[in-house]
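Proteins get letters first, then strands, A, B, ... in listed order; numbering begins at 1 in each.
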Number of protein chains: 2
Amino acid sequence: MTRIKDVAALAGVSTATVSRVLNDKTVSPDLAAAVRRAVTELGYTPNRTARSLRRQHSELIALVLPDIENPFFTSLARGVEDVARTAGLSVVLCNTDEDVETQEHYLRIADDENMAGVIVAPAGPSGFLARLTERHRAVVVVDRAVADDVDQVLFDNEDLGRRATQALLDRGHRRIACVTGPRETPTAEARADGWRAALTAAGLPAPDDLLVHANYRVDGGEAAMTRLLAAAEPPDAVLATNNLVGVGALRMLSAERGPRAQLGIIGDLPFATSHIDDTFLLRLHPREMGLTAARLLVSRIRGEAGPAQRVVQPSRPVLLGASPS
Amino acid sequence: MTRIKDVAALAGVSTATVSRVLNDKTVSPDLAAAVRRAVTELGYTPNRTARSLRRQHSELIALVLPDIENPFFTSLARGVEDVARTAGLSVVLCNTDEDVETQEHYLRIADDENMAGVIVAPAGPSGFLARLTERHRAVVVVDRAVADDVDQVLFDNEDLGRRATQALLDRGHRRIACVTGPRETPTAEARADGWRAALTAAGLPAPDDLLVHANYRVDGGEAAMTRLLAAAEPPDAVLATNNLVGVGALRMLSAERGPRAQLGIIGDLPFATSHIDDTFLLRLHPREMGLTAARLLVSRIRGEAGPAQRVVQPSRPVLLGASPS
DNA sequence: ACTGTGGCAGAAATCGATTACAGCCGCAAG
DNA sequence: CTTGCGGCTGTAATCGATTTCTGCCACAGT
């Protein structure tokens, strides 16, 4: 492959000058022109490994996600990718499968590779996060809050739960169940808290048998929905607090010949196979969350950012489905 | 950060010896033990950038995909990720958006980063692919055939089209339409060829008005289905030749009050919101395709592979839905 | 005319690992 | 007793860029 010394030789200058031309340092116009000519003639592009070694950081960022098969996260990844590309960065995708050890593994690799930064949707607590920030690495946390002092881009999850529930109340439903994620999952708990708050504010009870903790996947939604519909006194509306659970719930409803229930979902369903006009969708915007996170990361990499900040990703109150009666 | 010289100093040996211990070269047991002790005491892990520079290849592989939001490709990515992880490699995700220039951009980066290898689902022809193979880089092509002499993991697309169509014939349908991808897209054409072949073999006509070239996305499926159902003589069955088009078609059918049609889909619908018991799914297995491709790439990286080979990814003939009458 | 300053280019150090090369030691064979 | 070989180890070269340091030159100020 052509190296910088080849370019230097062809242009009749030193490698230092070639490097300066390529990095926009001051070089006299005539030499610069000669270098550029040599660069295009040889089709030279700098070896990024060597550059990274010297600069002490690469042009890669790690995107550490718990589940790349969830459309929420792929859409987020898409947003990150778009910003990274225009900033000259490439994205290393790391799938943790919600496993903390895998997460630590990838964060350590990001460190060993001298990556420019890390965007992580954390699966549980991470000691490595603190180590990265201590060493002034650019880190941005998305979707799930952590205690560490790092940039974070989050939804106001309790508010989401409250607003989605309120939408169902507005339609006249009174017995509203909530299917949320596992206990100890802060996001799931906060959204359930919002559900409870909305019911309480409306002077309604929020009994425990209307709150189901499912796994946050399609089968969890199916199981939860089955259980709710089989109850002695089934709900007349159900809030699914994430997209996959919503998919499972919808799938159950579409088969069920028994009691019907109005459904509200926090999240989006880009691959719904049925018309979902009678479902409330409180759309999140994972792609925009990815854009926001990546922009934050880029400015931190460039050293333009101040103290760590928490950004609440706005979720425009787009409520699809039948309007309130 | 701790460097190899710190470990060497603590263990009282040279850096060469430390390197040898870490890379399983011959070192006397006592020194090796001392080195290992020092490594764990300092929590040392080698700087991968420096290693890559010296070794002339990194521990990264590029996965170049046309659309990371398509569940087919995320599932494929998942498979690649799994194999890569156990082989000590990390995956750089590159989204080309079906754009050839973006694809070239990423392939060049993979080269400049000295990545260990590349897995690519090509968006159109790529000159860079040839350059990579010339320079003995490990390259595996997935899902879409190219003329280059590289390893490829592909489906037998015409056979897929034929089998899916046959399944619909077996159910007694005679007027079977086909919604496929854009013209000039080899995969889409091949599957349509299979559809035509199956009809012809059954002694049926395959008229042009039953073949719709849509874009290979959800809205393409919706538009095509709308058009087919509005026809003077609508089909009694429709073959959707990819997953997203299938989603669009199903969505249309679920709303349509007009003529019904049996649907067959090549691909899988992991996020279907309706029960699709009355739909034929010819499931592909993108995750396994990813596994296969990544294993092939790993063996090529290790220099264990011979001449370039084409692997036909088996798609087990799992036809869901109502059995033939 | 002399000194100071700033712009620019080249030589060489540097990043942190791996590895070619050379040297040392001990043992076996002649 | 000498030679040769094999097994280990350390020294130093190496990967390919960036960046510090040094020196040259031209121009301005006194």
Original post:
B:T17 side chain N/O closer than 4.0 Å to the phosphate oxygens (OP1, OP2) of D:dG10?
Top reply: yes
Original post:
For the side chain of B:S299 and the backbone of B:L296, is there at least one donor-acceptor N/O pair under 3.5 Å apart?
Top reply: yes
Subject >> Main-chain N/O of B:L129 paired with B:T133 side-chain donor or acceptor, under 3.5 Å >> reply: yes
Subject >> Whole angstrom value for the distance that separates C1' of D:dT18 from CG of A:D24 >> reply: 14 Å
Subject >> Interatomic distance, A:N114 CG vs C:dC15 C1' [rounded to whole Å] >> reply: 9 Å
Original post:
Would you say B:D67's side chain and B:D97's backbone share a donor-acceptor pair under 3.5 angstrom?
Top reply: no
Subject >> Contacting residues from residues 40-57 of chain B, given that a heavy atom lies under 4.0 angstrom of DNA chain C >> reply: B:Y44, B:P46, B:N47, B:A50, B:R51, B:L53, B:R54, B:R55
Original post:
In terms of side-chain heavy atoms, does A:S126 have a donor or acceptor partner in A:E104 at a distance below 3.5 Å?
Top reply: yes
**OP:** With heavy atoms under 4.0 Å as the rule, sort A:V13 into base, sugar-phosphate or nothing.
**Re:** sugar-phosphate
**OP:** Give a yes/no answer on whether the side chain of A:S14 brings an N or O atom under 4.0 Å of OP1 or OP2 in C:dA11.
**Re:** no
Original post:
Without hydrogens or angle criteria, can the side chains of B:N114 and B:R137 be said to hold a donor-acceptor pair below 3.5 Å?
Top reply: yes
Original post:
Just by distance, do the side chain of A:N70 and the backbone of A:F72 share a donor-acceptor pair under 3.5 Å?
Top reply: yes
Subject >> Atom pair distance, as rounded to whole Å: NZ in A:K5 and P in C:dG10 >> reply: 16 Å
Subject >> Short side-chain N/O contact from B:S28 to OP1 or OP2 of D:dT9, under 4.0 Å >> reply: yes
Original post:
To the nearest Å, how far apart are A:I4 CD1 and D:dC15 C1'?
Top reply: 14 Å
Original post:
To the nearest angstrom, how far is B:D6 atom CG from C:dG16 atom P?
Top reply: 9 Å
Original post:
Separation of A:D30 atom CG from C:dC8 atom P, in whole Å?
Top reply: 11 Å
**OP:** Would you mind reading off the distance between B:R20 atom CZ and D:dC8 atom C1', rounded to a whole angstrom?
**Re:** 7 Å
Original post:
Just by distance, do the side chain of B:E81 and the backbone of A:N95 share a donor-acceptor pair under 3.5 Å?
Top reply: yes
**OP:** Write down the distance between NZ (A:K25) and P (D:dT18), rounded to a whole number of angstrom.
**Re:** 9 Å
